[in-house]
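Shown next, in structure tokens, is the structure this report addresses.
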Amino acid sequence: MIRQMRYVVPFFVVSLALLWLSCERPTSPPHPNSPPETRLANIPNDNDTVFALVTLNWSGGDDDGFIARYQYRCFTYHLVPGANNNWALFDSTSWADTTGSSVTIAFNSTEVLNRQRFFVRAIDNDGDADPSPAEKILYTTRTAPPITRIATPTKNAVVLVVDHVTDWWSGVPLVFSAVDPTKGGKVVDYAWSADGGPWNWVTDTSLYIAPDKFKPPLDGMHTIKVTSRNNTNLVDPIGDSVTVRLMIPPFDRKVLIIDETDEFNNPFITLGIQDSTVDQFYADVFPGSDSWDFKKNGMPPREVLGHYKILVWHADDVPAAVPHKISDPSNIAVFTDYLKVGGKFLMSGWRILKSFAYYSNFPFTFPRGTFVYDYLHIYTVDETQIIGDCLGGIGKPGSFSDFRVDSARLAFFPYDGKLAQVNLITKMAGFTEILYSYKNADNSPFVTYRGRPIALRYYGTAFDAVVLGFPMYFIRKDDAKVMAREILQSLHVN
């Protein structure tokens, strides 16, 4: 019996232990989630008066988790009229989310002084928000929208266009500017619109508008508008606009002679040659042409140029103190606009290429970006002596006839019946063709001039150009007629 009890007691003890271990035990209740905390940096200081564009920094912490994001909002107050410290709510924003710890805010600041209350709160991984958001009170000074102005094109300007962008014509040029009248303000964005279309926001104030951005028909009146936005997100509410006429050149007339010859310069004043005599010479050389007196009327407008298949510019006098006006940048801008849309160009004159580098020593190499380099494909030009030496030119065999100088018109010193100061084209680029080469007497001491190019044709993708480094008026008239006919044939001007 005692032996049996020795086995029963341990069995009973083990059974009670197993029964106790198998029963559930009560647990302590979970700790509640602690909300996060938020702290604002002390720059700028509370109650500072600052410009309306303010960068604010903050940090957050959570004892039992981590910060998942932040929310911020602001309130704007204006002084009650007649009060010194009574502020009325003017504007507010909703809570905005961010995962960052800073934000740059353009506060609404339409009054001389504006009271701003900024709040930020941290939100933890459980979605709980700081019940006491960090707050900063600031005062901001008034901001104003920027002012935008169009420089190009001008109001009611005529702009020569084609219906597609080419390697020479990029579109309608638009140049404008904007200023912010507020101290500390800065213009950061610009926008343009064509014919009431959508705003196109850009960062540049010089651009080209492609023709397909305008409402059809392209040929006609169109409106361009611009605006701008500053660093406080204020947009110019008025902007600027221009109405312009876009003109697809009809090229419905043949030749326009632009007469820049000044008969009060040599050799015309010595010979007593009148303007009417020069006009008649070119009318005979280019039959059926129209004439434009540059001295009386200035540069022909674009709407006139667009009607002609070719411009013939002549400046047959020796420039005295200033270069020929063809080299004036404002004139170049006009006739290159004509060339970009498919016009053709012939220029001749006494020291005509010299005029594009009048105050430089020759030989001269024209740099990239100049009219002579870019549009004529001429690199280096020299000039013959002031003593008459040139008897005429040798034409390209099979294409252009030789020509002779009209010695009777130059029968005095220092010319002695020959041309002087002829421009020699010593280096040219591709897509060019030499039309005439220099000819002088067999016994001339200036043997280095002989056979040098004095006239050039450029074959362009959008336009063609011919340069004569001598004045056409002093060519024998019959030879000049042949020259004009052969040049027009080469340029396919019928």
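Residue pairs meeting the ring-ring contact (aromatic ring centres under 6.0 Å, His included) criterion with at least one member in residues 231-259: none, sequence neighbours excluded. Residue pairs meeting the salt bridge (Lys or Arg N to Asp or Glu O under 4.0 Å) criterion with at least one partner in residues 96-105, sequence neighbours excluded, are Arg69-Asp97. For residues 439-453, there are no salt bridge (Lys or Arg N to Asp or Glu O under 4.0 Å) pairs, not counting sequence neighbours. Among residue pairs with one or both ends in residues 208-231, those qualifying as salt bridge (Lys or Arg N to Asp or Glu O under 4.0 Å) are Asp189-Arg229; sequence neighbours excluded. Counting only residues at least two apart or on different chains, the side-chain hydrogen bond (donor to acceptor under 3.5 Å, both in side chains) pairs with a member in residues 233-248 are Thr148-Asp236.
One finds the CG atom of Asn200 at 9.0 Å from the CG atom of Leu207 (value rounded to the nearest 0.5 Å). One distance of note links CD1 of Ile326 with NE2 of His324; it measures 9.0 Å at 0.5 Å rounding. From Thr426, atom OG1 reaches atom CE of Met428 across 7.5 Å, with rounding to the nearest 0.5 Å. A distance of 8.0 Å separates OG1 of Thr384 from CZ of Phe446, quoted to the nearest 0.5 Å. Separation of atoms CG (Asp402) and OG (Ser437) is listed at 9.5 Å; rounding is to 0.5 Å. For the atom pair Thr182 OG1 and Leu53 CG, the distance stands at 11.5 Å (nearest 0.5 Å).
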**Request:** Decide side-chain contact (heavy atoms from CB on, under 4.5 Å) for Phe335 and Trp313; before the verdict, give the C-alpha distance in whole Å, the side-chain angles of both, and the deciding distance to 0.1 Å.
**Result:** CA-CA 10 Å; Phe335 63 73; Trp313 188 303; 4.1 Å; yes
**Message:** For a side-chain contact (heavy atoms from CB on, under 4.5 Å) check, start with the C-alpha distance between Val172 and Ile224, then their side-chain angles and the critical distance, and finish with the verdict.
**Reply:** CA-CA 10 Å; Val172 176; Ile224 300 172; 4.3 Å; yes
**Message:** Assess the residue pair Leu391 and Val405 against the criterion (side-chain contact (heavy atoms from CB on, under 4.5 Å)); give the C-alpha distance rounded to whole Å, side-chain angles, the decisive distance to 0.1 Å, and a yes or no.
**Reply:** CA-CA 5 Å; Leu391 296 174; Val405 170; 5.6 Å; no
**Asked** Given the rule in the side chain to side chain donor-acceptor pair (under 3.5 Å) test, do Tyr449 and Asp382 qualify, once you have shown the distances and angles that lead to the verdict?
**Response** CA-CA 10 Å; Tyr449 299 159; Asp382 205 348; over 6 Å; no
**Request:** Could you give me the CA-CA distance, side-chain angles and deciding distance for Lys354 and Val381, then say whether side-chain contact (heavy atoms from CB on, under 4.5 Å) is met?
**Result:** CA-CA 8 Å; Lys354 172 67 174 177; Val381 178; over 6 Å; no
**Message:** Set out, in order, the CA-CA distance, both residues' side-chain angles and the distance that settles side chain to side chain donor-acceptor pair (under 3.5 Å) for Thr261 and Asp316, then state yes or no.
**Reply:** CA-CA 5 Å; Thr261 299; Asp316 300 297; 3.0 Å; yes
**Request:** Give the intermediate values and the outcome of salt bridge (charged side-chain N to carboxylate O under 4.0 Å, His left out) for residues Lys186 and Asp180.
**Result:** CA-CA 6 Å; Lys186 180 181 178 181; Asp180 192 307; over 6 Å; no
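Trp168 places none of its side-chain heavy atoms less than 4.5 Å from the side chain of Leu339. Counting heavy atoms from C-beta on, the side chains of Tyr473 and Trp350 never come closer than 4.5 Å. Contact check for Pro211 versus Val162: no side-chain heavy atoms found under the 4.5 Å cut-off. Side-chain atoms of Cys390 and Phe470, non-hydrogen and from C-beta on, never get closer than 4.5 Å to each other. Side-chain contact between Phe356 and Ile332: present, with at least one pair of heavy atoms (C-beta onward) separated by less than 4.5 Å. By the 4.5 Å heavy-atom criterion applied to side chains, Thr110 and Asn108 are counted as neighbours. Side chains of Met299 and Leu305 form a contact here, defined as non-hydrogen atoms less than 4.5 Å apart. Within the 4.5 Å cutoff, the side chain of Met347 has heavy atoms near those of the Leu353 side chain.
Of the possible donor and acceptor atoms, none in the side chain of Asp259 sits under 3.5 Å from a partner among the backbone N and O of Trp292. The backbone N or O of Asp389 lies less than 3.5 Å from no partner atom in the side chain of Asn440, so there is not a single donor-acceptor pair. Between the side chain of Thr154 and the backbone N or O of Ala157 there is no donor-acceptor pair closer than 3.5 Å. No side-chain donor-acceptor contact under 3.5 Å links Gln116 to the backbone of Cys74. Between the side chain of His222 and the main chain of Pro217, a donor-acceptor pair closer than 3.5 Å is present. Under a 3.5 Å cut-off, the side chain of Ser276 and the backbone N or O of Gln274 do not form any donor-acceptor pair.
Among residues two or more places apart in sequence or in another chain, the side-chain contact (heavy atoms from CB on, under 4.5 Å) test is passed with Asn265 by Asp262, Asp317, Ala320. Contacts of Thr49 classified as side-chain contact (heavy atoms from CB on, under 4.5 Å), with partners at least two apart in sequence or in another chain: Leu113, Tyr139, Thr141. Tyr358 is linked by a ring pair (Phe, Tyr, Trp, His ring centres under 6.0 Å) to nothing, counting only residues two or more places apart in sequence or in another chain. Looking at residues two or more places apart in sequence or on another chain, you find a side-chain contact (heavy atoms from CB on, under 4.5 Å) between Asp337 and Arg302, Lys340.
When each of Asn231, Thr55, Leu56 is checked for a side-chain contact (heavy atoms from CB on, under 4.5 Å) with Thr104, only Thr55 meets the rule.
Nearest approach of Glu260 to Ala315, heavy atoms of both residues: OE1-CB, 3.7 Å.
Dense packing is recorded around CG of Asp167, with more than 12 heavy atoms of other residues, nucleotides or ligands lying under 6.0 Å away. Taking a 6.0 Å sphere around NZ of Lys477, one finds it holds more than 12 heavy atoms contributed by other residues, nucleotides or ligands. For CZ of Phe431, the number of neighbouring non-hydrogen atoms (other residues, nucleotides, ligands) closer than 6.0 Å is 12 at most. Within a 6.0 Å radius of OH in Tyr359, other residues, nucleotides and ligands contribute more than 12 heavy atoms.
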For residues 364-371, which side-chain N or O atoms pair as donor and acceptor with protein atoms under 3.5 Å away, sequence neighbours left out?
residue: Thr365; atom: OG1; partner: Thr380; partner atom: OG1; Å: 3.0
residue: Arg368; atom: NH2; partner: Tyr373; partner atom: OH; Å: 3.1
residue: Thr370; atom: OG1; partner: Pro367; partner atom: O; Å: 2.8
residue: Thr370; atom: OG1; partner: Tyr373; partner atom: N; Å: 3.4

Show me the side-chain donor-acceptor pairs of residues 481-494 shorter than 3.5 Å, one per line, residues at least two apart or across chains.
residue: Glu486; atom: OE1; partner: Ser401; partner atom: N; Å: 2.8
residue: Glu486; atom: OE2; partner: Ser401; partner atom: OG; Å: 2.7
residue: Ser490; atom: OG; partner: Arg457; partner atom: NE; Å: 2.7

Donor-acceptor pairs are to be reported for all side-chain atoms of residues 414-421 against protein atoms at under 3.5 Å, with residues two or more places apart or in another chain.
residue: Lys418; atom: NZ; partner: Asp416; partner atom: O; Å: 3.2

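Two rings, from Phe463 and Tyr458, have their centers less than 6.0 Å apart. Checked against the 6.0 Å centroid criterion, the rings of Phe403 and Phe474 do not qualify as a close aromatic pair. You'll find the ring centres of Tyr338 and Tyr308 outside the 6.0 Å limit.
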